[in-house]
**Student:** 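My structure is below; once you've seen it, I'll send some questions.
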Amino acid sequence: MLYSDKVMDHFNNPRNVGVIDDADGVGEVGNPVCGDVMKITIKVDATDHITELKFQTLGCGAAIATSSIVTEMAKGMSIEDAVKISKRQVADELGGLPAAKMHCSVLATDGLKVAVDDFLKRNGREPIAGVILSEDPNFDPHAEEETQAVAAENCHLHE
Amino acid sequence: MLYSDKVMDHFNNPRNVGVIDDADGVGEVGNPVCGDVMKITIKVDATDHITELKFQTLGCGAAIATSSIVTEMAKGMSIEDAVKISKRQVADELGGLPAAKMHCSVLATDGLKVAVDDFLKRNGREPIAGVILSEDPNFDPHAEEETQAVAAENCHLHE
Amino acid sequence: MQEGKSEPTMSDATPRTVYLDYAATTPVDERVVTAMLPFLTEHYGNPNSLYGLGRDAYRALEAARESFARGIGAADPGEVIFTGAGTEGDNAAVLGIARAGRARGKGDHVIVSSFEHHAILEPAHRLAKEGFEVTELRPREDGLIHTEDLRAILRDSTVLVSVMHANNELGTIQPIKELAAATHEVGGYFHTDAIQALGKVEWNAVDNGVDAASFSAHKIYGPKGVGVLYLKRGTPFEVYMIGGGQESKKRSGTQNVAGATAFAKALELMLAERETENPRLEALRDRVIDGVLQMPHTALNGARDVPRLPGTANLSINGVEGEAMLLRLDNLGIAVSTGSACSSGSLEPSHVLLAIGLKPEIAHGSLRVTVGRFTTDADVDYLLEKLPPIIELLRAMSPVYAKMFGASA
Amino acid sequence: MQEGKSEPTMSDATPRTVYLDYAATTPVDERVVTAMLPFLTEHYGNPNSLYGLGRDAYRALEAARESFARGIGAADPGEVIFTGAGTEGDNAAVLGIARAGRARGKGDHVIVSSFEHHAILEPAHRLAKEGFEVTELRPREDGLIHTEDLRAILRDSTVLVSVMHANNELGTIQPIKELAAATHEVGGYFHTDAIQALGKVEWNAVDNGVDAASFSAHKIYGPKGVGVLYLKRGTPFEVYMIGGGQESKKRSGTQNVAGATAFAKALELMLAERETENPRLEALRDRVIDGVLQMPHTALNGARDVPRLPGTANLSINGVEGEAMLLRLDNLGIAVSTGSACSSGSLEPSHVLLAIGLKPEIAHGSLRVTVGRFTTDADVDYLLEKLPPIIELLRAMSPVYAKMFGASA
Ligand SMILES: Cc1ncc(COP(=O)(O)O)c(C=O)c1O
Ligand SMILES: Cc1ncc(COP(=O)(O)O)c(C=O)c1O
């Protein structure tokens with residue numbers, strides 16, 4: 001199983017590591033039982049564009065690299081576009097991921113989606129990530145559990 | 001599977017090869033179907049001692065070596081002693097035989113026994129080899145068939 | 001080699017060594033040794049480890065897999081599974097495809113040719129014990145399995161047919177493309193033991209349409225104890241060696257990276273040199289055949305005009321027993337075989353020769369000469385000079401030769 | 001090695017390579033290479049051939065068998081069967097003894113420890129599918145299988161018990177002599193996977209009373225793809241690899257003479273150097289353990305005071321994920337493992353660590369360091385210098401470390 005040079009670069013030099021204290025939205029997905037946990041904090045401006053992202057990740061090389069690159073990809077995007085980022089786009093952006101690691105990119109995109117919905121909820125607005133997720137085969141109306149479901153499924157991938 | 005140097009010596013330089021034209025006794029055992037046939041011709045003097053032996057053998061290295069050494073062992077022996085030569089004695093005299101080849105020494109001793117009985121029959125005397133064979137686990141009252149039985153069993157050893 | 005010297009043997013006193021048993025095994029080509037050595041001492045990592053040494057080993061293993069896959073015309077390198085012996089591939093294919101095929105609801109009828117290597121026949125017997133119905137397909141006197149003969153016994157319930165590509169004793173080449181097609185007509189899977197054919201005859205997995213094939217490195221100047229099982233995508237397969245899940249879960253056990261690299265290199269060399277090497281070997285082989293046939297009461301086994309391996313000649317020499325002939329030749333440093341040298345110390349009349357209709361007493365007198373990469377014209381001269389007197393001597397010692405064949409030798 | 005260079009990797013830019021994963025595999029010792037090479041190119045005969053080249057190979061093979069038998073204290077060289085991998089021996093023993101034992105009328109109950117290698121667990125699962133009743137025996141937190149725990153589950157119907165000698169992840173050594181004796185009390189057969197123990201701990205087949213044991217050459221500076229199955233005379237055994245009938249009909253396939261010679265030589269070297277080497281390795285291992293335990297929220301897995309392999313240390317480093325730690329160390333040329341490197345690219349939390357009671361979130365952060373023949377004090381210094389900052393960095397990146405373990409790092 002080999003990681004691309006770009007994965008190794010983002011693993012070794014992760015971008016935007018940390019926590020935004022006065023974040024507008026926070027997403028935390030994954031489960032230490034599976035060995036993967038990602039927390040992402042975002043700042044969103046008046047035009048619903050993401051101006052800043054920071055992440056923290058406990059996980060394997062792919063989990064850290066996908067977290068890192070998703071913060072780069074989403075920076076400056078509208079929240080609508082940000083929640084549209086697919087796990088495939090993340091993997092492609094990294095020059096591919098080993099099959100056994102594809103689920104890690106789900107962790108990153110899910111984290112972002114949860115953070116956006118958190119931002120919307122805080123402002124009494126309708127969550128939008130769920131709607132996006134419905135295009136996903138694993139769709140589950142309750143976005144949060146859906147995320148958990150994916151995480152759980154990730155566990156299975158580990159067995 | 002390795003042959004001892006003595007087996008190789010008797011295989012490469014077989015003693016007493018040929019046929020005694022005016023033989024007093026002839027024994028032929030084995031079966032081309034099994035790949036082993038031995039013919040032994042003997043001369044016996046007035047005191048029932050074997051004065052000369054010659055053999056012809058179609059067969060493997062062990063078949064030829066055991067035939068060769070049995071002619072040396074029996075030379076000068078009384079016919080009573082000659083038919084007592086056991087396959088184990090033949091094998092030991094050769095410095096041992098590979099397990100898969102032990103049956104070949106039976107071919108040699110059986111050939112000698114049949115030749116002695118042939119000599120006795122020619123002179124209207126009772127065969128003695130059968131009696132000897134009775135000490136063999138494979139004993140069968142009809143010495144000739146017994147020999148065939150052994151030969152047949154040899155075939156099985158080949159399968 | 002102290003073990004070798006520990007005890008004087010005929011061969012140690014030998015004037016020269018003329019190796020004419022390339023079908024039994026081959027020396028490892030120096031170029032193959034050079035290719036494999038770095039993976040023993042320097043790039044020794046476990047290809048399943050994630051760090052640099054492991055990744056280097058992994059890349060080497062996958063490079064070997066890709067090269068081998070190209071060499072056999074596989075659609076996908078993932079269809080190449082490295083094993084620990086030709087026998088392993090044969091066992092895995094016969095047991096694994098039949099069992100998994102039956103589990104998939106395909107029937108329980110299995111066909112193997114009756115002149116397969118024991119590495120195929122024994123697993124077939126085991127399947128019979130497990131309740132499979134096993135039919136043995138006999139070759140004809142020409143040394144070939146005929147597709148119409150296979151068609152005659154194929155059934156809708158036939159799950160597996162295994163027919164070797166080149167027979168190891170006769171060198172005759174079976175029409176595997178036709179046989180595979182016929183098998184597919186009833187929905188069965190076709191395996192071929194291509195251990196003797198590899199690198200010597202055109203071999204393209206996609207073109208010949210087989211579902212599985214076994215190969216062994218030591219028959220083509222690679223090391224012993226290294227094999228490949230080609231398994232076409234989608235072929236049902238109960239995994240044979242199970243554990244850590246290496247080889248994409250198809251064969252467990254830490255991969256022999258040096259061995260895989262060696263096998264790939266050995267195949268590359270065979271293919272690169274085949275065009276010039278095959279005609280050279282065929283000429284040497286034909287000199288052996290024609291030379292031996294000069295002697296009375298000799299015959300070529302299998303028809304002469306059928307497709308054959310370039311290096312293999314199998315002859316009947318009536319009135320002599322094979323081992324005696326072999327040992328006499330060995331005294332002069334000539335290495336040949338009689339019956340199958342792959343069968344441990346075994347001297348039974350070859351089941352292959354019996355299968356093509358030889359009588360046992362004739363089969364006992366078979367001589368297999370196989371020429372290879374390092375065989376010279378002088379080697380063949382030497383054999384043809386030394387063999388006739390040995391045959392005459394052994395026939396003269398035989399109590400039955402005159403009777404059976406007339407004293408005309 | 002062009003494959004390695006074909007694509008730039010962290011390891012290629014490495015200042016130095018510090019290999020600390022000797023339990024995964026080992027480089028082949030130059031003395032072993034020297035011993036095996038002549039059998040690739042010069043004495044290349046098939047050991048089953050009757051002529052000189054074959055007899056030389058046969059003698060070398062038997063000399064290797066005798067040497068190996070002496071090395072493991074076997075009563076008889078015929079009890080040593082050469083195989084194509086450690087996994088093969090494990091598969092052959094578990095499947096072969098259970099099936100043949102049942103056929104002999106012994107019951108159908110099989111016991112394997114739950115921290116066995118997958119090469120044992122997978123065959124045990126296959127036996128369960130075949131109708132055997134399989135019980136998993138759990139080790140205790142100390143990393144040991146306790147004989148009283150085995151006694152508690154043994155039955156008159158127990159046909160086979162398989163417990164590894166040294167665990168490959170923990171390095172803890174099981175009391176196989178007692179376990180074998182307990183198994184024999186109910187008339188069962190005892191197999192041990194001694195792949196990690198061979199050459200490192202006292203091993204005498206007659207004395208420890210096991211009925212079967214598996215070994216693998218590449219764990220003791222021999223080549224990959226070579227193993228031995230020790231099978232005590234009279235032990236029921238359904239032959240695993242069938243065909244030509246080599247290895248006294250117990251394992252078919254042309255024997256890897258070079259590999260067998262290499263394995264025997266590798267074992268000789270282990271035994272000759274053990275007395276001086278073990279204390280050296282223990283000192284290095286203890287430096288690793290003590291050094292890592294300096295860091296907060298770390299723990300040694302398995303009790304410290306139980307019998308252990310001299311070179312193996314397994315530690316939990318809370319709040320980090322193993323692969324990330326492994327890759328960071330790899331950037332600096334340090335090769336270690338997390339979980340079992342024998343399991344293809346697998347990253348599941350180690351079943352071994354779960355078996356001794358670790359929580360999954362803890363098991364994800366395990367570090368296995370194994371020192372060996374070429375490990376120096378400087379290597380350990382380098383590891384202990386580079387590891388702590390990596391741990392701190394990864395913990396700082398974790399969203400849960402502070403929550404779970406308090407920010408005290
Ligand atoms: C305890 C144990 N058993 C079995 C194996 C499998 O051996 P191999 O990879 O040589 O087949 C290994 C290591 O790979 C091991 O450490
Ligand atoms: C046709 C054929 N099949 C199978 C085998 C067995 O291969 P291996 O000895 O490498 O296991 C051989 C030769 O030994 C062979 O010639």
Side-chain angles (χ1 to χ4, degrees), chain C residues 1 3-4 6 9-11 14 19 21 24-25 27-28 30 33 38 40-41 43-44 46 48-53 55-56 59-60 63 84-85 87-88 90-91 118-119 122-123 218 223-225 241-246 252-254 256-259 323 326 330 335 337 341-345, chain D residues 1 3-4 9 11 14 19 21 24-25 27-28 30 33 38 40-41 43-44 46 48-53 55-56 59-60 63 84-85 87-88 90-91 117-119 122-123 218 223-225 241-246 252-254 256-259 323 326-327 330 335 337 341-345:
Chain C
M1 170 239 196
E3 293 88 349
S6 64
T9 71
M10 309 314 300
S11 69
T14 289
Y19 187 68
D21 200 15
T25 194
V28 182
E30 293 290 356
V33 175
L40 295 176
T41 52
H43 307 291
Y44 57 83
N46 185 320
N48 309 296
S49 300
L50 294 177
Y51 43 75
L53 269 168
R55 293 194 304 269
D56 291 347
R59 285 198 199 84
T87 296
E88 184 187 331
D90 281 347
N91 278 236
H118 292 289
E122 289 299 320
H218 74 97
K224 296 170 176 63
M241 206 174 288
I242 46 184
Q246 292 90 342
S252 292
T254 301
N256 178 353
V257 180
E323 184 195 314
L326 185 153
D330 176 53
S337 99
C342 301
S343 179
S344 202
Chain D
M1 169 240 196
E3 294 89 350
T9 72
S11 68
T14 288
Y19 188 69
D21 200 17
T25 193
V28 182
E30 294 290 355
V33 174
L40 296 176
T41 51
H43 307 291
Y44 57 82
N46 185 320
N48 310 296
S49 300
L50 294 176
Y51 43 74
L53 269 168
R55 293 194 305 268
D56 291 347
R59 284 197 200 85
T87 296
E88 184 187 333
D90 281 346
N91 278 238
H117 190 275
H118 291 289
E122 289 299 320
H218 74 98
K224 297 171 176 61
M241 206 173 289
I242 47 185
Q246 292 88 343
S252 291
T254 301
N256 178 355
V257 181
E323 184 195 312
L326 185 153
L327 292 172
D330 176 53
S337 99
C342 300
S343 180
S344 203

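Atom set for the values below is all heavy atoms of this structure, side chains included, hydrogens, waters and symmetry mates excluded. Letters A, B, ... are given to chains in the order of the sequence lines, protein chains preceding strands, and every chain is numbered from 1.
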**Student:** Whether the side chain of K224(C) engages the backbone of N46(D) through a donor-acceptor N/O pair (distance < 3.5 Å, no angle test) should be reported.
**Tutor:**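 The answer is no, because no donor-acceptor pair under 3.5 Å joins these two groups.
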**Student:** So how far is it from H218(D) NE2 to L40(C) CG, rounded to the nearest 0.5 Å?
**Tutor:**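 Reported value, rounded in 0.5 Å steps: 13.0 Å.
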**Student:** Using 0.5 Å steps for rounding, measure from the CD atom of E323(C) to the CG atom of L50(D).
**Tutor:**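 It comes to 5.5 Å.
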**Student:** OG/S337(C) to CG/N48(D) distance, rounded to the nearest 0.5 angstrom?
**Tutor:**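 The CG atom of N48(D) is 11.5 Å from OG of S337(C), to the nearest 0.5 Å.
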**Student:** Report which part of I242(D) has an atom under 4.5 Å of a heavy atom belonging to chain C: side chain, backbone, both, or neither.
**Tutor:**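 I242(D) touches chain C through backbone and side-chain heavy atoms alike.
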**Student:** If you measure from CG on D330(C) to CZ on R55(D), what distance do you get to the nearest 0.5 Å?
**Tutor:**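 These two atoms lie 4.5 Å from each other.
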**Student:** Between V28(D) and T41(C), which heavy-atom pair has the shortest distance, and what is it?
**Tutor:**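 Heavy-atom minimum between the residues: O-CG2, 3.7 Å.
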**Student:** What residue, out of V257(C), N256(C), L326(C), has the most heavy-atom pairs lying under 4.5 Å from chain D?
**Tutor:**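 The candidate making the most pairs under 4.5 Å is N256(C).
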**Student:** Taking V33(C), D90(C), T25(C), N91(C) one by one, which has the highest count of heavy-atom pairs under 4.5 Å against chain D?
**Tutor:**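 That would be N91(C).
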**Student:** Output the option from G84(D), P123(D), A85(D), G225(D) having the highest count of non-hydrogen pairs under 4.5 Å with chain C.
**Tutor:**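 Among G84(D), P123(D), A85(D), G225(D), the one with the most close pairs to chain C is P123(D).
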**Student:** What is the distance from atom NE2 of H118(D) to atom OG of S252(C), rounded to the nearest 0.5 Å?
**Tutor:**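 Nearest 0.5 Å value for the NE2-OG distance: 9.5 Å.
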**Student:** In terms of heavy-atom proximity below 4.5 Å to chain C, should A335(D) be classed as side chain, backbone, both, or neither?
**Tutor:**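 Both backbone and side chain of A335(D) come within 4.5 Å of chain C.
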**Student:** Of all the heavy-atom pairs spanning D21(C) and Y51(D), show the shortest one and how long it is.
**Tutor:**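 Shortest heavy-atom contact: OD2-OH, 2.6 Å.
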